[in-house]
Amino acid sequence: MPPVIQRADERAFTWLAAKDIPALDATLPRLSKAANHSLLWIAIAAVFASFGGRKGRTAAARGLAAIALSSIVVNGPVKIFANRHRPKFDAIPLSRRLARVPVSSSFPSGHTASAVAFATAVGMEFPRTAAPLGILAAGVGVSRAYTGVHYPSDVAVGAAIGAGAAVLTRRFVVSRGAHAPAAASLPARRTIDVGRGSGLVVMVNPSAGPHLARDPAEAIREAFPDACIVETDEDPAGAVRSKCDRHLVAIVAAGGDGSINAAAAVAQELGVPLGVIPAGTLNHLARDLGIEDIGSGIETIRGGRLVQIDIGSIADSVFLNTASFGAYAELVDERESLESKIGKWPAAFVALWRTMGNDPIRVEIDGRAMRIWGIFIGNGCYTRGFVPMRRLSLDDGRLDVRILRADRRYPRLRALILAGPHRLARLSAFESRTAARIEVRSLDGPLRLARDGETFDGPARFTVEKFAKPLEVFVP
């Protein structure tokens, strides 16, 4: 740290330590503790995602993405290179000292970066929340200096990094309201009358989605009293098959993308339509179909309008949105091993950080040998960028292939820095193309594969392609 800044920090720290403000002594240490591991922001994001509709889910996703990005920058290269000692605590009154003193580099403030990142990102999506969230974030920043764990410049730079991370999220977390759903242009193939639900088998995953989310089973029973409803999160496809008979009209899935994937496999096998009721966390397919929530999912099935969409296959396993292997599959496995202990979103952040150092994998793709960090394969063409986010088509017959090769130094760090879809195209290690089919052979043995957010053990040699017969789905 330059001597002039260090001297200014020490003078400001001494001045702040001498202040005696009982109201702040009682509140700021508690606020600082609440922001540990971003738990305060995760809780607020859960409220937005649970009760804010589609816009609330976008705001929550943008806020958490901003936290993730700022945390990677702050707790990775910046703290490592800065390596600044924490302030001396002797001058801080005992009444406002924290019980646990951080031992990492003081510069910059990670708590402040996360707070400002979340408040700014959510405020851009929900302007009415900008002021209260901004005040809360400012309180967290002040608390870090007031409790003696950071110098003022640590807080200021942390805030700047957080604000920058929030702005970057505009590049890769897109407001869905700004675009028509991918299914909007699909022609209706036929319309069926589901009536009271006779012939519907409805698979409900009770553990899907945020903990505060509404349970869809009661609303489904009210809408379709004659439907057969199966509530299970263990072998849901097997449970659905056991209820299917010759009177089957359609299979409906109420859950996240993994649950819908399992139901789609059964629907494709039996040749019946699939209904989607979004009750998960991200609900990618439902958004592409134009189905916003549980209520609109039920109304969509009542309407009975059917279109045809492509259905993908990786190693003979169905995928509706994306398939992957390499870094993403590793990240999902790592997250799932942690989420029962620390929660889903904190687990995702920790998993991202841990898997950043994993070794690349060696594969042949269509006979071409390469070392890669990861690959995403979209069922249909998506907007530009490494991770497919918004789908452009549901029936184009193409696979959208995105590869991050490991033939250059630090490609994953470069990709994080570039972040935006248009700038990422400049990265020499990034490869993007479309194909009707790809052949994969692992040079490191059997691979861990992912489809629609779920992982499974795959073989060393497999094919990614599309089923010849499309899948019928209900759309608004």
Side-chain angles (χ1 to χ4, degrees), residues 1 4-48 63-64 66-67 70-71 74-75 78-79 82-123 129-163 165-166 342-343 345-346 349:
M1 187 60 60
V4 63
I5 295 178
Q6 183 66 36
R7 289 193 296 269
D9 267 338
E10 289 175 355
R11 287 195 296 270
F13 184 83
T14 302
W15 174 83
L16 190 60
K19 294 297 178 183
D20 182 17
I21 309 174
L24 296 184
D25 291 352
T27 57
L28 290 186
R30 290 185 174 89
L31 180 59
S32 184
K33 182 179 179 181
N36 285 348
H37 309 296
S38 296
L39 293 179
L40 173 63
W41 314 116
I42 292 169
I44 294 173
V47 173
F48 275 111
L64 294 174
I67 289 176
S70 66
S71 296
V74 168
N75 296 311
V78 180
K79 276 187 179 288
N83 195 26
R84 187 185 197 186
H85 293 297
R86 296 275 173 173
K88 296 181 180 179
F89 297 97
D90 297 347
I92 300 296
L94 288 173
S95 61
R96 67 191 205 220
R97 291 186 193 177
L98 299 179
R100 298 181 64 179
V101 177
V103 295
S104 61
S105 171
S106 180
F107 182 88
S109 169
H111 279 65
T112 306
S114 295
V116 173
F118 183 85
T120 304
V122 174
T129 68
L133 287 177
I135 292 171
L136 197 59
V140 170
V142 171
S143 76
R144 302 305 286 173
Y146 193 73
T147 56
V149 295
H150 281 290
Y151 290 109
S153 67
D154 302 337
V155 173
V157 174
I161 292 174
I342 62 176
W345 289 111
F349 300 150

Ala115 meets the side-chain contact (heavy atoms from CB on, under 4.5 Å) criterion, sequence neighbours left out, with Trp41, Ala137, Val140

Working to the nearest 0.5 Å, report the span between [atom1] of [X] and [atom2] of [Y].
| X | Y | atom1 | atom2 | result |
| --- | --- | --- | --- | --- |
| Leu40 | Ser114 | CG | OG | 11.0 Å |
| Ile44 | Thr129 | CD1 | OG1 | 9.5 Å |
| Thr147 | Leu31 | OG1 | CG | 10.0 Å |
| Asp9 | Arg84 | CG | CZ | 4.5 Å |

Flag side-chain contact, heavy atom, 4.5 Å: [X] against [Y]:
| X | Y | result |
| --- | --- | --- |
| Asn36 | His111 | yes |
| Val78 | Val157 | no |
| Tyr146 | Ile21 | yes |

Thinking salt bridges, do Arg144 and Asp154 make one under a 4.0 Å N-O criterion?
no

Once side-chain hydrogen bond (donor to acceptor under 3.5 Å, both in side chains) is applied, do any residues pair with [X], and if so which ones, sequence neighbours excluded?
| X | answer |
| --- | --- |
| Ser70 | none |
| Thr112 | Ser109 |
| Ser143 | none |
| Ser104 | Arg86 |

Residue pair [X] / [Y]: nearest heavy atoms and the distance that separates them:
| X | Y | value |
| --- | --- | --- |
| Ala17 | Ile92 | CB-CD1, 3.7 Å |
| Gly63 | Val122 | CA-CG2, 4.0 Å |
| Ala121 | Ala166 | N-CB, 3.6 Å |
| Val74 | Gly110 | CG1-CA, 3.8 Å |

Set of residues satisfying salt bridge (Lys or Arg N to Asp or Glu O under 4.0 Å) with respect to Arg96, sequence neighbours excluded:
Asp25

Apply side chain to side chain contact (heavy atoms under 4.5 Å, CB included) to Trp15 and Arg11, showing your working.
CA-CA 6 Å; Trp15 174 83; Arg11 287 195 296 270; over 6 Å; no

What residues form a ring pair (Phe, Tyr, Trp, His ring centres under 6.0 Å) with Tyr151, not counting sequence neighbours?
Phe13

Lys79 atom NZ, over 12 foreign heavy atoms within 6.0 Å
yes

N/O donor-acceptor pair under 3.5 Å between His150 side chain and Ser106 backbone:
yes

